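One is the number of the first residue; the rest follow in order along the sequence. In this text, all values refer to a predicted model and were calculated from it rather than measured experimentally.
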Amino acid sequence: MKNFYEINLNKLRQDENFLKAVLAIEKALVSLQIDYYLIGALARDMWFQGVNDIKPKRATSDIDFAILLQNKSVFDQLKKYLIEKEGFSEYKENPYVLIAPNKIEIDLLPFGEIEEDGKVVVSGTGMTTILVDGLNEVYNSNIPVVNIEDKISFKVCPLAGIVLLKLIAYDDRPESRVHDLTDIADIFKYYFTINDSEIWENHSDLFIDEMSLEFISARVIGREIGKILESNLKLKDRIISLLNSDENKNFSMISQTIALHLNNTIENSIKLLQEIVSGIEDNHFD
């Protein structure tokens, strides 16, 4: 995968309000010397729309940033900066959310030294504790940079990292995160189209068994996730266990949702999940 991409705002199908909000966030993060990368649905849209002209089925109305922090005081400083200098406002139900002046929701997800046992706890009301498994592992992988109209450049979570983080998010709160599974299904559908050159160059061994492109994509996604989780065997085992939850035909919500979204059979979805597992276990580090 390339390390640098250039896109324009019209191609991303976002308006100037989006760019203003992102520029304000970037200004605050740079001012406070906080490293960060873009995650969530907007990161997906960067690869789908911004780079490859693929319109995702589910639109996003918020912007999610993973921010590397040493302690809670830096998080408080960031929020204070955005509120006092950029006109953002707090969201009472969730201290990790701020509302930009143009009403765009900004989710700030801290990770790094601020976390303890995969959790971050901050002061405030509502949801003060969040789980941040995977954010540090993705950060330490090879994150590409996207430049928008020469106005702003920032790191964007790659698609395999998005799949990993969405699997974790679903596993944390399956009752409210089904949309993460449909996003994963969309990535299965378009991953080969987006990464065909890289797959032909670095994963040519997968073409010898007449695998479908979706299965090849799932295997490559697994290999990329395996790289990300190379230093965290506990999280690696957790993901493999989650993906293996369809053993003995005990169909999980994961395979059912993916099958429905791709208009496919549950057996086919189980095979896709197993290809991810095989990829994670491949130790394919070309």
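A donor-acceptor pair under 3.5 Å is absent between the side-chain atoms of Asp171 and the main chain of Leu167, judged by distance alone. For the pair Lys72 (side chain) and Val121 (backbone), a donor-acceptor distance under 3.5 Å is present. Between the Asp45 side chain and the Phe48 main chain, no donor and acceptor come within less than 3.5 Å of each other. Looking only at distances, a side-chain donor or acceptor of Glu137 sits under 3.5 Å from a matching main-chain atom of Gly134. Side-chain N or O atoms of Lys79 include none that pairs as donor or acceptor with a backbone N or O of Leu98 at under 3.5 Å. For Ser278 (side chain) and Gln274 (main-chain N/O), a donor-acceptor pair under 3.5 Å exists by modelled atom type. Between the side chain of Asn102 and the backbone N or O of Asn17, at least one donor-acceptor pair lies under 3.5 Å. With hydrogens and angles disregarded, a donor-acceptor distance shorter than 3.5 Å links the side chain of Asn71 to the backbone of Ser73. Formation of a donor-acceptor pair under 3.5 Å by the Glu115 side chain with backbone atoms of Gly112 is found in this model.
Judged by distance alone, the side chains of His203 and Arg223 do bring a donor and an acceptor atom under 3.5 Å apart.
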Point to revise | Full working for side-chain contact (heavy atoms from CB on, under 4.5 Å) between Leu273 and Ile258 | key: CA-CA 10 Å; Leu273 301 179; Ile258 290 174; 4.0 Å; yes
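Taking 4.0 Å as the cut-off between side-chain N and carboxylate O, Lys166 and Asp186 do not count as a salt-bridged pair. For Asp133 and Arg238, the salt-bridge test passes: some basic side-chain N is under 4.0 Å from an acidic carboxylate O. Electrostatic pairing of Lys227 and Glu224 counts as a salt bridge here, judged by a charged N lying under 4.0 Å from a carboxylate O.
Nearest approach of Leu38 to Asp64, heavy atoms of both residues: CD1-O, 3.3 Å. The minimum heavy-atom distance between Ile143 and Cys157, with the atom names listed, is CG2-N, 4.2 Å.
One hydrophobic cluster, built from ILVMFWY side chains closer than 4.5 Å, cannot hold both Val178 and Leu262; they sit in different ones. Residues Tyr36 and Val97 fall into different hydrophobic clusters, defined by Ile, Leu, Val, Met, Phe, Trp and Tyr side chains chained together at heavy-atom separations under 4.5 Å. Cluster annotation: Ile276 is connected to Met253 through the hydrophobic network of ILVMFWY side chains, with a link wherever side-chain heavy atoms come within less than 4.5 Å. Hydrophobic clustering, with ILVMFWY side chains joined whenever heavy atoms are under 4.5 angstrom apart, groups Ile168 together with Leu68. One hydrophobic cluster, built from ILVMFWY side chains closer than 4.5 Å, cannot hold both Val30 and Ile34; they sit in different ones.
Atom CZ of Phe192 is separated from atom OG of Ser217 by 6.5 Å, given to the nearest 0.5 angstrom. Atom CG of Asp282 sits about 7.5 Å away from atom CG of Asp205, to the nearest 0.5 Å. Atom NE2 of His261 and atom NZ of Lys189 lie 7.0 Å apart (nearest 0.5 Å). Of the inter-residue distances, the one linking Gln256 atom CD with Ile254 atom CD1 reads 10.5 Å to the nearest 0.5 angstrom. Separation of atoms CG (Leu42) and CE (Met46) is listed at 4.5 Å; rounding is to 0.5 Å.
Not counting sequence neighbours, Asp76 has no partner by the salt bridge (charged side-chain N to carboxylate O under 4.0 Å, His left out) test. Residues meeting the salt bridge (charged side-chain N to carboxylate O under 4.0 Å, His left out) test with Lys27, sequence neighbours left out: Glu86. In this structure, the side chain to side chain contact (heavy atoms under 4.5 Å, CB included) partners of Thr265, at least two apart in sequence or on a different chain, are Glu267, Asn268.
Sequence neighbours left out, the pairs with a member in residues 66-105 that pass ring-ring contact (aromatic ring centres under 6.0 Å, His included) are Phe75-Tyr96. Residue pairs meeting the ring-ring contact (aromatic ring centres under 6.0 Å, His included) criterion with at least one partner in residues 115-161, sequence neighbours excluded, are Phe111-Tyr139. Counting only residues at least two apart or in different chains, salt bridge (Lys or Arg N to Asp or Glu O under 4.0 Å) contacts with residues 146-164 comprise Asp35-Lys155, Glu149-Lys151.
Taking the six-membered ring for Trp, Trp47 and Tyr190 have ring centres at least 6.0 Å apart.
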